[in-house]
Number of protein chains: 2
Amino acid sequence: MVRPRTPLLSRERIVEVATAIVDAEGLDALSTRRLARELGVQAPSLYNHFATKEEIVDAIGDAIVAGVDLSMLGRDPWPAALRGWARAYRAAFRAHPNVVPFLARGPARRPASLRLADAVYGALVSAGWPPAQATRIGAAMRYFVAGSALGSFALGFVADPSLYGADYPHLRDAHRLADRHSEVDEAAFELGLDALIDGLERRFAALHP
Amino acid sequence: MVRPRTPLLSRERIVEVATAIVDAEGLDALSTRRLARELGVQAPSLYNHFATKEEIVDAIGDAIVAGVDLSMLGRDPWPAALRGWARAYRAAFRAHPNVVPFLARGPARRPASLRLADAVYGALVSAGWPPAQATRIGAAMRYFVAGSALGSFALGFVADPSLYGADYPHLRDAHRLADRHSEVDEAAFELGLDALIDGLERRFAALHP
DNA sequence: ACCTGAACACCGTTCAAGT
DNA sequence: ACCTGAACACCGTTCAAGT
């Protein structure tokens, strides 16, 4: 088949099927041939819509970031806005854990990430933070939230008691973390978020006495 | 050449050369054939020392984590200890920026990471934090530090003024960030670290009135 | 135990050819 | 404009054969 009168592919459909593959089997399972097969097409056809495979992965990540709710940033007081945004961002990536390695692919040249940075920075400046501080806060929040999306802390510990006792005395009970990893990660995220915003509020208060 | 009387390879030498390749040209440049060539050997020889290429990458990351100074954790008061450890961890990964994607490869089953977790947790518990809180603090710190190592925030913005003004009103001056990315990232890291530890100190004070 | 050559089943990408 | 088949230059890994 060549040049059908209505195109077989579109960027949207490619990203959709690619996301499904990555969600189901991980980033490594995404190859151009595999993706093409599931799209009912040959691999080189993809290059009519994306210049490289990397662009496809970027588009997957961008679509996820684009789904992050930003409405609180133009509405709530800045501490609540930061909190709500951080939770939304983390939730978006927890829904696609296999895409997280993409977060490490260097920073954001992608439109959704820029929109997000714009909204966070704008909210902080509107709230009364000096621009230089707003930049730093946006970056610091990104560090924390991206790091928390990066992967489970608790899941790093294997559910095997014999592994730790001997070599790592303080980790004697760490094997229990694996079972409760969701709660542990959730509680750690909330504690860190609270502490971080708490510290920022103190600085804000010192700035506006 | 077969089976030389003294082995051509060792895990140490493989990791050393692999790290050099990744540092110089990035993770994608590391292939078993390329690595073998630089080691003066054929690719299958590597499989006498590592079961998979992934194990080699793990070993690169583990060696970097193993280089992180942990001495302050058994010595300084916990806020200073956390601060010092966070800086050391970040510095270690900034020295090998191309290895950072490895951070996203799921959590730590690697010895150096376990030793690190053990030291951080132990220091917090010794200082008087309840164990459950110590776990959360260790996780929250890992989120922040790993996120900050993940990549420059400032470098995400291209040094081209025309890119932002129109679509992202608040980012009008963001193109200036790229030039000063080191200072911006450094200042953001220090601000976040201060705020985070500040917030934790307040919780600690409430716990030990 | 440790290295080799040959082989297997893949990759991402290019490109001329088709309509 | 958009899809194809053929091809290029790669991959990671296995395995029997060598000493």
Side-chain angles (χ1 to χ4, degrees), chain A residues 1-62 98-99 101-102 104-106 109, chain B residues 1-62 98-99 101-102 104-106 109:
Chain A
M1 172 209 342
V2 289
R3 174 71 173 125
R5 61 169 54 79
T6 127
L8 296 174
L9 295 178
S10 67
R11 287 177 65 97
E12 290 68 32
R13 211 164 83 77
I14 292 171
V15 170
E16 190 184 323
V17 173
T19 303
I21 293 174
V22 171
D23 282 346
E25 302 180 41
L27 260 186
D28 286 346
L30 186 72
S31 74
T32 54
R33 284 175 172 84
R34 163 77 185 276
L35 176 54
R37 177 158 37 87
E38 303 215 357
L39 285 161
V41 114
Q42 300 298 318
S45 304
L46 298 169
Y47 292 83
N48 287 299
H49 304 269
F50 290 93
T52 62
K53 181 189 163 185
E54 209 186 334
E55 270 191 15
I56 299 178
V57 177
D58 273 1
I60 296 175
D62 199 60
N98 293 335
V99 184
F102 139 93
R105 290 168 161 271
R109 225 146 302 217
Chain B
M1 175 206 341
V2 287
R3 174 71 173 125
R5 60 172 51 82
T6 128
L8 297 174
L9 296 178
S10 67
R11 287 177 66 97
E12 291 67 31
R13 211 164 82 77
I14 292 171
V15 171
E16 190 184 322
V17 173
T19 304
I21 293 174
V22 171
D23 281 348
E25 302 180 40
L27 260 185
D28 286 346
L30 185 73
S31 75
T32 55
R33 283 174 171 84
R34 162 79 185 276
L35 176 56
R37 178 158 36 87
E38 303 215 356
L39 285 161
V41 114
Q42 299 299 318
S45 304
L46 297 169
Y47 291 84
N48 288 299
H49 303 270
F50 290 94
T52 62
K53 179 189 165 185
E54 209 187 334
E55 270 191 15
I56 299 177
V57 177
D58 274 1
I60 297 175
D62 199 60
N98 293 335
V99 184
F102 140 93
R105 291 169 161 268
R109 225 146 302 218

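In this text the structure is predicted, and so the values were computed from the model without any measurement. Throughout, a chain's letter reflects where its sequence line sits, starting with A, and its residues are numbered from 1.
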Could you check how far [atom1] of [X] sits from [atom2] of [N], rounded to whole Å?
X      : N       : atom1 : atom2 : answer
E55(A) : dG12(C) : CD    : C1'   : 14 Å
E54(A) : dT13(C) : CD    : C1'   : 14 Å
N48(A) : dT19(C) : CG    : P     : 17 Å
R37(A) : dC11(C) : CZ    : P     : 8 Å
L46(B) : dC2(C)  : CG    : P     : 14 Å
Y47(B) : dC2(C)  : OH    : C1'   : 16 Å
Q42(B) : dT13(D) : CD    : P     : 17 Å
L8(A)  : dC2(D)  : CG    : C1'   : 8 Å

Point to revise | S45(A) side chain near dC2(D) phosphate (N/O to OP1/OP2, under 4.0 Å) | key: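 Indeed not, no polar side-chain atom of S45(A) lies that close.
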
Review point. Counting just side-chain N and O atoms, does H49(B) come under 4.0 Å of either OP1 or OP2 of dA1(C)?
Key: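 So the side chain of H49(B) is outside the cut-off, no N or O lying under 4.0 Å from OP1 or OP2 of dA1(C).
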
Out of [options], which nucleotide sits closest to the side chain of [X]?
X      : options                   : answer
K53(A) : dC3(D), dG12(C), dT13(D)  : dG12(C)
R33(B) : dC11(D), dT13(C), dT4(D)  : dC11(D)
S31(B) : dC11(D), dT14(C), dC3(C)  : dC11(D)
T52(B) : dT13(D), dC3(C), dT13(C)  : dT13(D)
P44(A) : dG12(C), dT13(D), dC15(C) : dC15(C)

Measure from the side-chain N and O atoms of [X] to the backbone N and O of [Y], and report whether any donor-acceptor pair falls under 3.5 Å.
X      : Y      : value
R11(A) : F50(A) : no
S45(B) : V41(B) : no
R34(B) : I21(B) : no
N98(B) : L27(B) : no
E55(A) : A51(A) : yes

Check your understanding: Taking for each residue the nucleotide of DNA chain C with the nearest heavy atom, is it A43(B) or R34(A) whose nucleotide lies nearer the 5' end?
Key ->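 The 5'-side residue here is A43(B).
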
Review point. So which one's nearest nucleotide on DNA chain C is more toward 5', L9(B) or L30(A)?
Key: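 In this pair, the answer is L9(B).
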
Review point. According to the Watson-Crick and G-U wobble definitions, with both distances under 3.5 Å, which nucleotide is paired to dA1(D)?
Key: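 Result: dT19(C).
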
**Study point:** dC10(C) - base-pair partner by Watson-Crick or wobble geometry, distances under 3.5 Å
**Key:**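 dC10(C) is paired with nothing.
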
